[in-house]
Amino acid sequence: MLRLRIALASFISIGLLGASAPAVVAAETRIVDVASITWSGASTKVGVLDLENSVKNEVGPRWKRYTSVEGSKEDKSITFQHGVTLAAPISLTRPMQCEGASASSSMNSIRQEAYKRLGIEKYSERYLVILTPDAGCIWTGRALIGNVKNPGGVMMLQDSASAFVIVHELGHALGLGHSNFLRCDSGKNDGPWGSDCKAVEYGGAIDVMSNVDVDIPLSTYSQW
C-alpha cells in the first residue's frame, strides 16, 4: 500500500470502453484493465481515460525497463499491456472503507462485478486497476499482495492516475514489499536482527517500491 491516499467499498453499475494494442515486447506480457467506482455525493478530478493513458504510455514501458537486466543472456522482463476499460463507474451503496478485512473483501467484490459487466469470465490472470473518489484515506494506492508466479491481481487509486502509483501497486501484486533500509540503534552497519537492527520501511528512494517517484531499475533484492 502506497501511503499517500486510496480506498474501497461495496458495489453496483457500469459501461464499457475499448481495448488497446500492445506497445512493448517483453519476455512476458500481462494484461491490465481499468474500472472505477462511485457513491452518492462522491466526485473525482481524474477519469478512467486518464488511468488508461497512464497504463498504455508509462506503466508498461517502465516495468519493461525495471525488469530488464543488462548483460543477461535470457530476457526475463515483464511488461503490462492495457486490456479494456469500463466506461461507466460501478455505483456503491455507501462510501468505501479505507482499512480492514472488509476493505480487502470489497476490492475482490468490485473486481468480480467489474468483469461481470465487461463480459469477461476468465479474469484470474488479469490485473484490474480501480479508480475511486477521494474518501479521505491516508494512501493514494492500495493493492492486494500477490505472487510473480501467479498472474492476476487488483489495486485501487484514490482520485489519481499517477503512473508511479500504478507501477508501485503492480509491484505489490507481483509480491514485492516496500523498499527499506537497515538501521542499527548501536550505530553499526550491521548487527543482530530484532535487537540492535531493524528494517525501516520507506527508508530511502531505492527503487519504485519506495514512496518517491524514481525511474530506476528494481533493487537487487526485488530483481531476484
Side-chain angles (χ1 to χ4, degrees), residues 1-2 4-8 13-26 28-38 42-68 77-91 96 107 110-111 113-115 117-120 123 125-135 137 139-144 151-174 207-218:
M1 178 173 68
L2 185 60
L4 297 172
R5 282 202 212 156
I6 194 167
L8 15 85
S13 148
I14 310 188
L16 168 72
L17 215 105
S20 66
V24 182
V25 177
E28 186 173 353
T29 300
R30 301 187 179 187
I31 301 300
V32 179
D33 303 308
V34 176
S36 64
I37 61 173
T38 190
S43 63
T44 58
K45 297 177 181 178
V46 300
V48 287
L49 288 180
D50 298 311
L51 220 55
E52 178 184 311
N53 288 332
S54 286
V55 172
K56 285 181 177 179
N57 301 322
E58 297 186 63
V59 173
R62 284 178 72 158
W63 266 107
K64 169 76 163 113
R65 294 197 302 274
Y66 297 162
T67 54
S68 297
S77 60
I78 295 175
T79 192
F80 291 92
Q81 171 190 324
H82 174 254
V84 294
T85 295
L86 198 56
I90 301 174
S91 296
M96 66 185 184
M107 289 177 75
I110 294 168
R111 184 186 186 207
E113 179 69 10
Y115 282 114
R117 300 300 178 104
L118 286 167
I120 299 175
Y123 59 84
E125 295 188 354
R126 302 172 77 104
Y127 296 84
L128 182 65
V129 182
I130 303 168
L131 173 66
T132 82
D134 187 341
C137 303
W139 22 258
T140 300
R142 182 186 181 110
L144 299 184
V154 59
M155 61 219 66
M156 307 184 86
L157 269 71
Q158 184 176 227
D159 201 13
S160 171
S162 167
F164 163 65
V165 177
I166 299 172
V167 169
H168 179 103
E169 299 307 329
L170 281 170
H172 289 318
L174 291 174
D207 59 21
V208 74
M209 297 314 294
S210 70
N211 60 348
V212 178
D213 187 354
V214 290
D215 191 17
I216 57 177
L218 293 176

query: If only atom types and distance count, is the side chain of D207 paired as donor or acceptor with the main-chain N or O of P217 below 3.5 Å?
result: no

| query | Are E113 and R117 close enough, and set up right, to give a side chain to side chain contact (heavy atoms under 4.5 Å, CB included), and what steps lead you there? | reply | CA-CA 6 Å; E113 179 69 10; R117 300 300 178 104; 2.7 Å; yes

### Task
Verify side chain to side chain contact (heavy atoms under 4.5 Å, CB included) between I110 and I90, making sure each step is shown before the conclusion.
CA-CA 8 Å; I110 294 168; I90 301 174; 3.9 Å; yes

Closest non-hydrogen atoms of A87 and V48, given as atom of the first, atom of the second and distance, are O-CG2, 4.0 Å

Which of V46, T44, V129 passes side-chain contact (heavy atoms from CB on, under 4.5 Å) with L157? Answer is V129

Hey, is the main chain of A161 close enough, under 3.5 Å, to the side chain of S54 for a donor-acceptor pair?
yes

- Item | Sidechain-backbone polar pair: N53 side chain, D50 backbone, donor-acceptor under 3.5 Å | no

Original post:
Looking at side-chain heavy atoms only, is the closest gap between T67 and L218 below 4.5 Å?
Top reply: yes

Please check: side-chain N/O of E52 versus main-chain N/O of T85, any donor-acceptor pairing under 3.5 Å? no

To the nearest 0.5 Å, atom CG of D159 lies from atom SG of C137 at 11.5 Å

Could you tell me how the ring of Y123 sits relative to the ring of Y115: parallel (under 30°), tilted (30 to 60°) or perpendicular (over 60°)? parallel

So CG of L131 and CE of M155: to nearest 0.5 Å the spacing works out to 13.5 Å

Heavy-atom closest pair (S43 atom, P133 atom, distance to 0.1 Å) is O-CB, 3.6 Å

Taking every heavy atom of Y66 against every heavy atom of V208, the minimum-distance pair comes out as CE1-CB, 4.0 Å

Value for CD1 (I130) from CE (M107), rounded to nearest 0.5 Å, stands at 6.0 Å

Under 3.5 Å, side chain of Y127 to main-chain N/O of G152, donor-acceptor pair present?
yes

Walk me through whether H82 and V32 qualify under side chain to side chain contact (heavy atoms under 4.5 Å, CB included).
CA-CA 5 Å; H82 174 254; V32 179; 5.8 Å; no

Closest heavy-atom pair, R111 versus G153, reported as atoms and distance to 0.1 Å, is NH2-N, 3.6 Å

Nearest heavy-atom approach of L128 to A114 is CD2-CB, 3.9 Å

Where do F80 and I166 land on the side chain to side chain contact (heavy atoms under 4.5 Å, CB included) test, with the steps shown first?
CA-CA 11 Å; F80 291 92; I166 299 172; over 6 Å; no

NZ of K56 to CG of L51, rounded to nearest 0.5 Å, is 12.0 Å

Examine distances only and state if a side-chain atom of H168 and a backbone atom of S210 form a donor-acceptor pair shorter than 3.5 Å.
yes

Taking every heavy atom of A135 against every heavy atom of Q158, the minimum-distance pair comes out as N-OE1, 2.6 Å

Taken in chain and number order and not counting sequence neighbours, the residues that satisfy salt bridge (Lys or Arg N to Asp or Glu O under 4.0 Å) with R62 are D213, D215

